Amino acid sequence: MKTIYLSGPMKGYPESNYPLFRRVAAELRAQGHQVYNPAEFDYCRTTHPTFPLRVAFAEYSAFICSKADAIVLLPGWHKSLGVSAELALAKNCQLDIYEYVEPSLRQITA
């Protein structure tokens, strides 16, 4: 079983693409994997009335660099600036890289 960082496009998608993130995270967890789902990032709306992108990305990066052993890329990942940054971290940290192609994962050679 793997410790997975789930990465995919959010900006410009209905509901920020959260339904797909949630569904894939649930599938991977049902297979026994530990999954960090950025769509579940919790922040205090009192302290941060708008989404705290820098705080969130710092947490995402810390997980990728210190806990994950794999990254799973969701459809549309090629077009996302955020995914490109997460993928660069994953490559530098020598994580296994997978692309989610329904209904399964396909390993990508870095």
Side-chain angles (χ1 to χ4, degrees):
M1 298 303 124
K2 300 228 178 242
T3 300
I4 295 171
Y5 180 84
L6 191 56
S7 182
M10 293 180 172
K11 190 174 184 177
Y13 282 74
E15 297 180 62
S16 297
N17 210 16
Y18 284 11
L20 180 60
F21 273 84
R22 289 185 191 112
R23 182 170 55 78
V24 174
E27 289 175 18
L28 294 170
R29 288 173 179 146
Q31 295 169 16
H33 301 292
Q34 177 188 355
V35 179
Y36 183 100
N37 177 1
E40 297 168 347
F41 176 74
D42 191 26
Y43 65 96
C44 178
R45 294 184 194 284
T46 305
T47 308
H48 301 281
T50 59
F51 187 81
L53 186 59
R54 286 183 169 197
V55 173
F57 206 79
E59 184 175 307
Y60 305 161
S61 299
F63 187 88
I64 291 167
C65 293
S66 65
K67 295 181 181 173
D69 52 33
I71 186 170
V72 171
L73 308 171
L74 296 178
W77 67 269
H78 293 93
K79 302 174 193 169
S80 170
L81 182 60
V83 173
S84 65
E86 294 164 350
L87 181 56
L89 280 175
K91 286 179 178 180
N92 278 294
C93 293
Q94 300 178 334
L95 274 59
D96 292 333
I97 302 167
Y98 297 91
E99 184 174 23
Y100 181 78
V101 181
E102 291 198 56
S104 62
L105 299 179
R106 181 182 65 153
Q107 189 160 14
I108 297 174
T109 305

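A quick note: this is a predicted structure, and the numbers were derived from the prediction, not measured.
Partners of Glu99 under the salt bridge (charged side-chain N to carboxylate O under 4.0 Å, His left out) rule, at least two apart in sequence or in another chain, are Arg106. By the side chain to side chain contact (heavy atoms under 4.5 Å, CB included) test, Ser61 is found to be paired with Phe57, Leu89, residues two or more places apart in sequence or in another chain being considered. Checked against salt bridge (charged side-chain N to carboxylate O under 4.0 Å, His left out), Glu59 has no partners two or more places apart in sequence or in another chain. For Ala56, the side chain to side chain contact (heavy atoms under 4.5 Å, CB included) criterion is met by Phe41, Phe51, Tyr60, not counting sequence neighbours.
Heavy atoms only, all atoms of each residue included: Ser66 and Ala62 are closest at OG-O, 2.6 Å. Shortest non-hydrogen contact noted between Ala90 and Ile64 is N-CG2, 3.9 Å. Smallest separation of non-hydrogen atoms from Leu81 and Ser84: O-OG, 2.6 Å.
Leu105 belongs to a hydrophobic cluster whose remaining members, ordered by chain and number, are Ile4, Leu6, Met10, Tyr18, Leu20, Phe21, Val24, Leu28, Val35, Val72, Leu74, Tyr98, Tyr100; membership requires side-chain heavy atoms of ILVMFWY residues under 4.5 Å apart, directly or through intermediates.
A single hydrophobic cluster is seen to contain both Leu53 and Val55, as judged by linkage of ILVMFWY side chains at heavy-atom distances under 4.5 Å, directly or through other members. Residues Ile108 and Tyr5 fall within the same hydrophobic cluster, defined by Ile, Leu, Val, Met, Phe, Trp and Tyr side chains chained together at heavy-atom separations under 4.5 Å.
Within the structure, the salt bridge (charged side-chain N to carboxylate O under 4.0 Å, His left out) test picks out the following pairs touching residues 16-27 (sequence neighbours left out): Arg23-Glu27, Arg23-Glu102.
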>> Evaluate Phe63 against Thr3 for side-chain contact (heavy atoms from CB on, under 4.5 Å), listing each step before the verdict.
In response: CA-CA 10 Å; Phe63 187 88; Thr3 300; 3.5 Å; yes

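Side chain of Asp69 to backbone of Lys2: no donor-acceptor contact under 3.5 angstrom is found.
Surrounding CD of Glu15 are at most 12 heavy atoms belonging to other residues, nucleotides or ligands under 6.0 Å away.
At a threshold of 4.5 Å between non-hydrogen side-chain atoms, the residues Leu87 and Ser7 do not count as touching.
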